[in-house]
Structures are given as structure tokens and as C-alpha cells.
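What follows is a single structure, written as C-alpha cells, with notes after it.
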Amino acid sequence: MNWYDILFYAFALITVVSAAGVVLSRNIVYAAFSLLFTFFGVAALYVLLSADFLAITQILLYVGGVLVLIVFGVMLTNRANKVEVKHGGLTLAPAVLVAGVIAGTLIGVLTTTKWPAASFEPYEETARPLGALLMTQFVLPFELASVLLLVALVGAVIIARREKARRV
Amino acid sequence: MIPLGYYIALSAALFIVGVVGVLTLRNAIVIFMSVELMLNSANLALIAFSAYSGDAAGQILVFFVIAVAAAESAVGLAIIIALFRNKLTVNIDEVNVLKW
């Protein structure tokens, strides 16, 4: 077992345990902090898969953007003394059923698929090929994504804004 | 060397955790966090396939997933905040005005 395997198992453990912490935590602030460790664990796994640029993007966007938004959402929608998360009682049986079916399907696919045994060649660097691909083959989805982000920005402002009394 | 199947198994485990969260939790923000977990698991699977097949195009797809997730998080949290302003709760079982 070399250092790569040890790192993989360590980061996989961190990721899964903190993901379980998000779902099982009774305190919404603890859930948000567990999510932080999940995002960092996934970013570390991206590095192990030699996707260096995406790992940085993951940290910048998920930890620096999405998680901060979530923490703001937590602060804006909870009083400081009431942070418990309710777990469903009535929906537990169908939830277990649906999750079991999905888990069974995934485990079945995992065990029956013949995964290629080839190991991967680490990329030299990923920023250059990714930039070239974005500007040539994937330029239309790239532009569409920027339009989507603009629309989402305007939409979020309009939805979250406090509505003023309408002048007649 | 870690085989590809290990990464896919890890991704599947993360996805299942996210599914359980979405189905059992009642706080809209924690449901939102579980959706982010599922998106991350899909990204992990995509990057694993991309690395093991030596094709960078899979990473481009992850870029778009991250971009859409950022848009989704902005709009989703705006909706949650608007909901809290009107109903003073973010528990989805107390917000059933759209039921029928």
C-alpha cells in the first residue's frame, strides 16, 4: 500500500463520515460545518485524480460561495436559540424504501460491471487543455452557462428582495 | 493504484447519503445541503471517469455542473428566505399551501 492508496482511503473516509454528519446532525450549524469537510474531502479526491484546476474551483466556488450562502441562509432563517433540525417521522418508511431501491441498483451496477483495470496517466496540467476545450468544442454551453448565471443572479435578487408597497 | 470502481463506489455512497437526507429531513436548508452532496457525488464520478479514460471533456461537464449548482444555490436560498419571510418557518411539512 503506497501513499496514494493511504491518502485515498483517508479522504474517502473524511468525505463519507462528514456527509453522514450533514444528514444525521440535529444542529443545522453543525450540519453546515460537516458540509465544509465534505467539500474539502471531495476537492482532495479531485487532486488525487489529477484534476488540479477543478479542485481549486471546488474550493473557491463551493466552500467560498455556496457554503457561505448556506450559512447566510441559516442565519437569516433561524433564531439563534432554535437551530434543531427536525427529522421526518411520517416519511421514514417510503424514504427507506426509495433509498434502498436506489442503493440496491447502484450496488448491483457496481458489482456486475466489469471495470477496466487500466490505471490512469496523470495529466501534466489541466488548466490549458480545459481552457482550449471551453473555447473551441464547448463554447456554446459556456456562453449558455454565463447567461444562466446572469438570469439566476437577477432572479435571486428579485425573489429575496423585500416587496415594497406598490404605488398606485 | 486505486481501481476506478473504488471511486465510483465512493461516489455512490455519497449519493445515497444525499438521497437519504432529501427524503428524511424536514428543514429546507438541510435538504438543500443534501442536494449539494448529490451534485458533488456526480462530479466525483465524472472526474473519475475522465481521469481513467484520459479525456478532459468529462471535466468540462463538471464545470457546467458547478456553474448550474451555483445558480441553483442562489435562487434556492432566495426562495427559502422569501418562504421564511412569509411563513416564519423553513420546515417543509409546515409549508403545504401548494398541496392541492
Return the [atom1] to [atom2] distance between [X] and [Y], rounded to the nearest 0.5 Å.
X      : Y      : atom1 : atom2 : value
A:I102 : B:L23  : CD1   : CG    : 7.0 Å
A:I70  : B:E36  : CD1   : CD    : 5.5 Å
A:L76  : B:I80  : CG    : CD1   : 11.0 Å
B:F64  : A:L134 : CZ    : CG    : 5.5 Å
A:T15  : B:L10  : OG1   : CG    : 6.0 Å
B:F63  : A:L133 : CZ    : CG    : 10.5 Å

Identify the two heavy atoms, one from [X] and one from [Y], that lie closest to each other, and give their separation to 0.1 Å.
X      : Y      : result
A:L149 : B:A70  : CD2-CB, 4.5 Å
A:V66  : B:S73  : CG2-OG, 3.8 Å
B:V20  : A:A99  : CG2-CB, 3.7 Å
B:A12  : A:L106 : CB-CD1, 3.9 Å
A:A95  : B:T24  : CB-CG2, 3.7 Å
A:A51  : B:Q59  : CB-NE2, 3.6 Å

Report whether [X] and [Y] are members of the same hydrophobic cluster (ILVMFWY, side-chain heavy atoms less than 4.5 Å apart, transitive linking).
X      : Y      : value
A:L130 : A:F138 : yes
A:L61  : B:V65  : yes
A:V16  : A:V47  : no
A:L49  : A:I6   : yes
B:V19  : B:I8   : yes

So do [Y] and [X] actually touch side chain to side chain, heavy atoms under 4.5 Å?
X     : Y     : result
B:L77 : A:F72 : no
B:N40 : A:Q58 : yes
A:Y9  : B:I2  : yes
B:V17 : A:V22 : no
B:N43 : A:Y62 : yes
A:L45 : B:L44 : yes
B:L37 : A:L35 : yes
B:V62 : A:T57 : no

Check: Could you walk me through whether B:I66 and A:L54 pass the side chain to side chain contact (heavy atoms under 4.5 Å, CB included) check?
Finding: CA-CA 10 Å; B:I66 290 178; A:L54 275 171; 4.3 Å; yes

Review point. In terms of heavy-atom proximity below 4.5 Å to chain B, should A:L110 be classed as side chain, backbone, both, or neither?
Key: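 Contact with chain B involves the side chain of A:L110 alone.
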
Contact origin within A:A103 toward chain B - heavy atom pairs under 4.5 Å
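Interface part for A:A103: both.
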
Under 4.5 Å from a heavy atom of chain A, the part of [X] involved:
X     : result
B:V75 : both
B:A28 : neither
B:I60 : both
B:I79 : both

* Asked: Which of parallel (below 30°), tilted (30 to 60°) and perpendicular (above 60°) describes B:Y6 and A:F8?
  -> tilted

Mind ranking [options] by heavy-atom pairs under 4.5 Å with chain B and telling me who comes out on top?
options               : value
A:Y46, A:F39, A:Y4    : A:Y46
A:V42, A:L69, A:V98   : A:L69
A:P141, A:G155, A:S34 : A:P141

